[in-house]
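Each remark here refers to the structure printed beneath this line.
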Amino acid sequence: MKRTLIKDLNQHIGEQVTIQGWLHTLRDQKNMQFLIMRDRTGLVQVAHYKKGDLDLAETISGLGTESALRLTGKVIENEIVKLGGLEIQLEDLLIENAAEIPLPFEPFGEYLPEQDFRLDWRFLDLRRQINQLIFEVQTTAVQAMREFWLQKGFIEIHSPKIMGTPSESGAELFSLPYFDTTAYLAQSPQFYKQMAMAAGFERVFEFGPVFRADPSFTSRHMTEFTGVDMEISWIDSHEDVMATMERWLAYTTQSVIEKHDEAIAATLGHHLEVPAVPFPRITMAEAHQLLNEIGYKLPFEKKFDLDPGAERALGAHFKETQGHDYVYVTDWPFEARPFYHMLHPNAPGLTRSFDLLGKGLEIATGAQREHRYEVLKAQALEKGLSLEVIQGYLNYFRYGTPPHGGFGFGLSRFMMVLLDLPNIREAVYIFRGPTRLTP
RNA sequence: GGGGGCGUGGUGUAGUGGUUCAACAUGCGGCCCUGUCAAGGCCGAGAUCGCGGGUUCAAAUCCCGUCGCUCCCGCCA
């Protein structure tokens, strides 16, 4: 018999249906048994009159909650049932996979075990409604991001994650044996998306894994995460990148609201808002001045940079003064940026770059890239890089590469910001950290 | 790489030197209950208090070490 989803049961009053799902709660009484069943669409009560089938009653009594069941019965309206005013009168039950007793923890209990323990049993943790919602929302968000770009003629690329030389960035590399040599896991698709600019693709994006061997033990770092990268050609400055990005994020948020507003309100207790475009912008120099005014003390060694506390302070300030969750911090000093960021022509030492803060959290970095071969080489040397090692990359800029720029964006960090999740381990399907390689 | 915090039955917590210090909740097992509904009632099993060492007449409780987890800084998405 065809499966009926629990949310559709009210269209089948009086009919015999089959539902498939998990035993959410069992109330086993003297004469009656009540099974609360859950599938991905909701909960329903199933009633069984014990004397109607004593063998079945005994089977049910032995069931552990969270067992995977398929059951058949007649849907009846019953106003005394508090769960939706209907119930299924049980006729047949098939145990697809019994849950052992006891469970490692109760996914639907009053309190939850600490996060580390839940990660050990992530599949049980993921049965919780909020977790299903997080990944439904992420699916919609990623779909919208891709849609936005496809509407504008972007090409999607998939660059290799195994590399012979480090890709860039100060981040530590994972190395691995590779036949008779050593290979590295990509820290970023940076060089490859710029290669696409040299290739004349003009506009590209990529969703892909990124690996960072930094031993970071914080609520917002992972050793492997999904990077969302884009790169566009023929830009005038980093402003073009920011302008594209903010509309892209507004479109994405709009899509999430259209599809999940009700569920988000029901589960998280608040509504999302589409961020107003354009987002606030502040230069690094202005940011330092502002921080000074609002009394945030930045350590001396951070005179070219921000620290996480400063980012939170800026986020809070723009929320308070402009009601905005996002802010671009632009024009970072070259000291704080990689060699390939383009310098301002009339402000030496400053780059055409930006970070995007969402609720005070760094979720993206972008810039116009330096596409002039000689200038790029000089900047690499200034950063102390060996030209030999990056010559393959430098070659992209010898045979007609347009001006271009783009950004790298952390998908899970965005999910944290979007849904107010306190820890990136809640925002990612399966967490990878310095001491977490399983599941 | 640096710093802080935590580590008690399956799970979440209480207890901060002795005399119920091993408790409470939940889960688990049993019994009871005219259809319950986040069910309820009664009974029961379950932790030598992460591990090792030390202080003390006495340690879950203090000290040292170690391991694990966690958060912050550094680094970044």
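Every chain is numbered from 1 and lettered A, B, ... according to where its sequence line falls, protein lines coming before strand lines.
Distance from the side chain of A/Ile101 is smallest for B/rC28 among the nucleotides B/rG35, B/rC76, B/rC28. For A/Val81, taking side-chain heavy atoms from C-beta onward, the closest of the listed nucleotides B/rA77, B/rC72, B/rC37 is B/rC37. The A/Ile80 side chain lies nearest to B/rC37 when the options are B/rC37, B/rC73, B/rA77. With B/rA77, B/rU36, B/rC37 as the candidates, the nucleotide lying closest to the side chain of A/Glu87 is B/rU36. Candidate nucleotides B/rA77, B/rG74, B/rC28 were compared by shortest atom distance to the side chain of A/Ser216, and B/rG74 ranks first. With distances taken from any side-chain atom of A/Pro308 to the nucleotides B/rU36, B/rC76, B/rC33, the minimum falls on B/rC76.
Spacing between atom NE2 of A/His24 and atom C1' of B/rC37 amounts to 12 Å, rounded to whole angstrom units. The CG-P distance, from A/Asn423 to B/rC72, rounds to 8 Å in whole Å. If you take CG of A/Leu63 and C1' of B/rC28, they are 16 Å apart, rounded to a whole angstrom. To the nearest angstrom, P of B/rG74 lies 10 Å from CG of A/Leu306. If you measure from atom CG of A/Asp28 to atom P of B/rC31, you get 10 Å, rounded to the nearest angstrom. Atom CG in A/Leu35 sits about 13 Å away from atom C1' in B/rG35, given to the nearest Å.
The distance between the ring centers of A/Phe409 and A/Trp248 falls below 6.0 angstrom. Aromatic rings of A/Phe279 and A/His324 (six-membered ring for Trp) have centroids within the 6.0 Å cut-off, being under it.
Between A/His238 and A/Phe354, the angle of the ring planes stays under 30°, which puts this pair in the parallel group of the 30/60° scheme. Ring-plane geometry between A/Phe191 and A/Tyr393 is classed as parallel, the angle between the planes falling under 30 degrees on a 0 to 90 degree scale with a further cut at 60.
As rounded to the nearest Å, B/rG10 and B/rG53 have P atoms that lie 23 Å from one another. B/rG41 sits 33 Å from B/rU48 when the C1' atoms are compared, rounded to a whole Å.
Look at A/Ser188 and you won't find any side-chain N or O under 4.0 angstrom from OP1 or OP2 of B/rA77. Distances shown here put every side-chain N or O of A/Asn31 at or beyond 4.0 Å from the OP1 or OP2 atom of B/rU36. Considering only side-chain N and O atoms, A/Arg312 lies under 4.0 angstrom from the phosphate OP1 or OP2 of B/rC73. Under 4.0 angstrom from either OP1 or OP2 of B/rU36 there lies no side-chain N or O belonging to A/Gln29. Look at A/Ser219 and you'll find a side-chain N or O under 4.0 angstrom from OP1 or OP2 of B/rC72. The side chain of A/Arg220 contributes an N or O atom lying less than 4.0 Å from OP1 or OP2 of B/rC73. For B/rC69, the OP1/OP2 oxygens have no side-chain nitrogen or oxygen of A/Arg436 closer than 4.0 Å.
Residue contacts shown for A/Asp307 are limited to sugar-phosphate atoms, with no base heavy atom under 4.0 Å away.
Map A/Thr435 and A/Arg337 each onto its nearest nucleotide of RNA chain B; the residue landing nearer the 5' end is A/Thr435.
Counting non-hydrogen atoms of neighbouring residues, nucleotides and ligands closer than 6.0 angstrom, the CD atom of A/Gln11 exceeds 12 such neighbours.
Taking a cutoff of 4.0 Å between a charged side-chain nitrogen and a carboxylate oxygen, A/Asp116 and A/Arg425 do not qualify as a salt bridge.
Counting only Watson-Crick and G-U wobble pairs whose two distances sit under 3.5 Å, RNA chain B takes part in these stems of three or more pairs: B:1-7 with B:67-73, B:10-13 with B:23-26, B:28-32 with B:40-44, B:50-54 with B:62-66.
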Is there any protein nitrogen or oxygen under 3.5 Å from a nitrogen or oxygen in nucleotides 5-11 of chain B, and what are the pairs?
{"residue": "B/rG10", "atom": "O2'", "partner": "A/Pro104", "partner atom": "O", "Å": "3.3"}
{"residue": "B/rU11", "atom": "O2", "partner": "A/Tyr111", "partner atom": "OH", "Å": "2.9"}

